[in-house]
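Worksheet: the structure to be examined is printed underneath.
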Amino acid sequence: MKNPRAANPVVGGIAAGIGAGAKIGLLALVLLAAGCECQQKPIFLPAAMAGKVELVEDCAESCDNDVLASAVAEPEKGGIASGKLLRITDDVEVYRMWNGPDGGLNAYGGSNRLGPWWTAERPSGTDQDYRAKNAICPAWNELKWVAKCTLKKGTLIAIGPTQSARCPSGEFYPANNTQQIYVDNYSPKHVSCGKYLESDYPVDGKDLSVKIPYVEPKPKDCSANAETTPPVSEPPAPAPAKKAKRK
């Protein structure tokens, strides 16, 4: 990533070309930085992103911080083990699991509905399988609800394979090839989400593809000016250090 100059619009075209004859699932796409002579591991671009991204080879003038360095973490710290910096060229639907409106709060005292880590594939399988594949410690996320949002055109992301994580409660999740999307700036300009009762849904931990009914609790204050929905926002993302805070 040293001294690169420009975005590479060819990446989206390659992905689209592969997608025309590929199986539904992950598209193997080798994204090589300009001038790099070493052989790099392939980045598996999710099929839903085919033709909707371009490789960014210079972030100096368009980023407030090094997005890729913020996403890539050392072993046992979570995040991604390696990756590439991409720019969204067409809106992409993404998903994120969170604690739900009745779940625990994050370090800011708000919900963890929004955050830097996303996937382009709708969650499926058991919650334990999902936790292991994405190396999500129980303390980071309860995995009770699925948020469905949109990455807007122009958004910078990092994407790469999951790094290992060792959890405070003792669990260890090894590194694997599950691709994760890191969004440094998840303000509404870059990550568009509807109202959580309209776009999000609670899930069954035995099968995350199964939506379960949710009955909104009655507000404690029944006055005309009472707040009827729990808060689902959090402060703008701080510029993270070179480590992966979850999730």
Side-chain angles (χ1 to χ4, degrees), residues 1 7 11-12 15 29 31 43-50 52-60 62-73 77-99 106-108 110-123 130 133-136 140-141 143 145-163 165 178-194 196 199-200 232-247:
M1 295 289 293
V11 172
L29 178 62
L31 303 177
I43 300 299
F44 292 90
L45 187 68
M49 301 180 71
K52 296 183 177 183
V53 298
E54 63 183 6
L55 177 64
V56 176
E57 300 178 45
D58 186 359
C59 191
S62 58
C63 304
D64 294 329
N65 56 69
D66 190 336
V67 176
L68 187 59
S70 298
V72 175
K77 300 297 184 181
I80 57 177
S82 62
K84 293 300 177 185
L85 186 65
L86 306 177
R87 180 179 288 109
I88 302 297
T89 58
D90 194 8
D91 291 359
V92 175
E93 191 171 89
V94 290
Y95 302 86
R96 170 181 169 84
M97 296 206 68
W98 62 296
N99 296 346
N106 63 13
Y108 298 110
S111 86
N112 64 342
R113 183 193 185 207
L114 300 180
W117 297 101
W118 300 82
T119 176
E121 298 181 320
R122 179 180 171 183
Y130 187 89
K133 289 178 180 178
N134 293 276
I136 304 174
W140 296 341
N141 199 314
L143 306 183
W145 279 56
V146 174
K148 183 173 69 173
C149 302
T150 300
L151 289 182
K152 304 298 291 183
K153 179 180 179 179
T155 300
L156 287 167
I157 66 170
I159 186 170
T162 296
Q163 179 60 286
T178 299
Q179 302 296 303
Q180 297 197 55
I181 298 170
Y182 177 86
V183 184
D184 187 71
N185 185 347
Y186 46 90
S187 68
K189 178 181 178 181
H190 300 287
V191 182
S192 176
C193 302
Y196 79 95
S199 60
D200 300 7
V232 294
S233 61
E234 59 184 52
K242 190 177 180 180
K243 57 184 179 180
K245 288 294 183 182
R246 310 295 278 190
K247 246 184 189 202

Provide the closest heavy-atom pair for [X] versus [Y] in the form atom of the first, atom of the second, distance.
X      : Y      : result
Cys193 : Arg113 : CB-NH2, 3.8 Å
Met97  : Pro123 : CG-CG, 4.0 Å
Val191 : Cys149 : CG1-CB, 3.9 Å
Ala158 : Ile80  : CB-CD1, 4.4 Å
Thr150 : Val94  : N-CG2, 4.4 Å
Ala120 : Ala48  : O-CB, 4.0 Å

Less than 6.0 Å separating the ring centroids of Tyr182 and Trp117?
->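 Between Tyr182 and Trp117, the centre distance is under 6.0 Å.
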Run the numbers on Leu55 and Leu86 for side-chain contact (heavy atoms from CB on, under 4.5 Å), then give the verdict.
-> CA-CA 5 Å; Leu55 177 64; Leu86 306 177; 4.1 Å; yes
Can Tyr130 and Thr119 be said to form a side-chain contact (heavy atoms from CB on, under 4.5 Å), step by step?
-> CA-CA 11 Å; Tyr130 187 89; Thr119 176; 3.8 Å; yes
Rounded to the nearest 0.5 angstrom, the CG-NE2 distance for Asp184 and His190 is 9.5 Å
OG1 on Thr155 to CG on Asn185, rounded to 0.5 Å |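 Those atoms lie 8.0 Å apart.
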With heavy-atom distances below 4.5 Å as the criterion, would you say the side chains of [X] and [Y] are in contact?
X      : Y      : value
Ile159 : Pro46  : yes
Trp118 : Ile157 : no
Glu93  : Lys148 : yes
Leu156 : Arg87  : yes
Gln180 : Asn134 : yes
Ile181 : Met49  : yes

Would you call Asp90 and Lys153 a salt bridge, taking side-chain N to carboxylate O under 4.0 Å as the test?
->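 Looking at Lys153 together with Asp90, the answer is no, because their closest N to O distance does not fall below 4.0 Å.
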Judged by atom type as modelled, is there a donor-acceptor pair below 3.5 Å linking the side chain of [X] to the main-chain atoms of [Y]?
X      : Y      : answer
Asn106 : Ser111 : yes
Asn112 : Asn99  : yes
Thr162 : Thr178 : yes

